[in-house]
Amino acid sequence: MQIRKLNIHEAPPIDLLLLADPSLPLVKEYLNTGECYIVEDYKEIIGVYVLLSKSLDTIELVNIAVSESAQGKGIGKQLIIDAIRRSKVKGYKTIEVGTGNSSIGQLALYQKCGFRITSIDSDFFTRHYKEDIFENGIWCRDMIRLSQQLN
Ligand code: COA
């Protein structure tokens, strides 16, 4: 599986990015300030993530998504492993990620990839999103923050 940086002249996979974050302004901000990486299947982009530098030492993984028809085949895990490897090569000491309190599968996946829960940003989603978000029958209100050291 070849994961590569999105070329500056290529159109970003907006629909895919919106799967991870329903806010178009936030997705655009991440694309403007971060680096977008993709994986393709016969020229169609089926997976994406964005790396966002937060400080000299810390980088954040945002907007990771795999197209619905390709989910559950290990691609998401490969993308996370790739993001961790690239962040290490770039010299960052810590990689962070955030997800909703209702995102059970994502919380499992990040922890399987070595992330540990560090804090909770209470009411993050109720503060930043107009519409209520429900997932797995749970109201998504808080952001669970996770991180791992890159030694
Ligand atoms: N409970 C426990 N483990 C779960 C789980 C759950 N509910 N859901 C997924 N997992 C585990 C899988 O078992 C697998 O672990 P394994 O390798 O030990 O078997 C692991 O997560 C990875 O699965 P994988 O097939 O690599 O994930 P994927 O390709 O489907 O991608 C997402 C995962 C989250 C990127 C994908 O589902 C997606 O795009 N979702 C919509 C966008 C999104 O929510 N992005 C994240 C925003 S925080």
Side-chain angles (χ1 to χ4, degrees), residues 1-6 10-54 58-88 92 94-150:
M1 197 173 76
Q2 200 208 338
I3 301 168
R4 67 171 177 89
K5 194 169 168 181
L6 187 77
E10 290 177 299
I14 296 290
D15 288 350
L16 203 48
L17 290 158
L18 286 170
L19 266 187
D21 191 323
S23 163
L24 186 59
L26 259 186
V27 165
K28 285 187 173 169
E29 189 188 314
Y30 292 151
L31 286 170
N32 284 336
T33 49
E35 289 184 348
C36 182
Y37 293 88
I38 55 160
V39 59
E40 294 156 299
D41 185 28
Y42 296 102
K43 303 263 177 205
E44 185 199 345
I45 299 178
I46 56 162
V48 67
Y49 72 81
V50 175
L51 282 179
L52 210 59
S53 179
K54 293 186 77 182
T58 306
I59 194 161
E60 182 168 355
L61 167 63
V62 293
N63 266 212
I64 181 164
V66 173
S67 61
E68 275 169 29
S69 58
Q71 287 177 10
K73 297 176 183 168
I75 297 170
K77 201 172 195 177
Q78 287 306 311
L79 289 173
I80 296 172
I81 292 168
D82 188 73
I84 294 167
R85 185 188 58 80
R86 286 184 201 268
S87 301
K88 227 183 254 186
Y92 288 94
T94 309
I95 182 167
E96 296 183 347
V97 72
T99 194
N101 60 281
S102 53
S103 300
I104 305 299
Q106 291 81 341
L107 277 167
L109 174 54
Y110 294 137
Q111 289 178 87
K112 283 178 178 182
C113 292
F115 285 87
R116 293 187 66 183
I117 294 172
T118 46
S119 63
I120 296 169
D121 191 346
S122 294
D123 289 307
F124 175 89
F125 291 95
T126 32
R127 272 188 276 118
H128 288 90
Y129 294 81
K130 283 191 195 128
E131 308 282 328
D132 285 347
I133 304 168
F134 279 86
E135 204 184 5
N136 302 306
I138 305 167
W139 184 12
C140 180
R141 287 185 280 190
D142 309 319
M143 181 184 278
I144 312 291
R145 303 287 315 169
L146 303 99
S147 79
Q148 71 172 283
Q149 297 308 118
L150 299 169

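In listed order, ligands and their atoms are each counted from 1.
Looking at K77 against ligand 1, both its backbone and its side chain come within 4.0 Å, counting heavy atoms. Under 4.0 Å from ligand 1, heavy atoms of A20 appear from its side chain as well as its backbone. Residue contacts with ligand 1, taken as heavy atom pairs separated by less than 4.0 Å, involve K112 solely via side-chain atoms from C-beta onward. Only the side chain of Y110 comes within contact range of ligand 1, with a heavy atom under 4.0 Å; no backbone atom does.
A donor-acceptor contact shorter than 3.5 Å is absent between the side chain of E29 and the backbone of P25.
Counting all heavy atoms, side chain and backbone alike, S87 lies closest to L150 at CB-CD1, 3.7 Å.
Taking NZ of K73 as the start and CD1 of I46 as the end, the distance is 7.5 Å to the nearest 0.5 Å.
Between G72 and ligand 1, at least one pair of N/O atoms sits closer than 3.5 Å. Annotation: G98 places no N or O atom under 3.5 Å from an N or O atom of ligand 1; distance criterion only. Between G76 and ligand 1, a contact under 3.5 Å exists for at least one N or O pair. Checking only distances, A70 never comes within under 3.5 Å of ligand 1, N or O to N or O. Considering backbone and side-chain atoms together, L109 places no N or O closer than 3.5 Å to any N or O of ligand 1.
The residue from Q71, M143, E68 that puts a heavy atom closest to atom 36 (C) of ligand 1 is Q71.
Using a 4.0 Å heavy-atom cutoff, S103 is absent from the residues neighbouring ligand 1.
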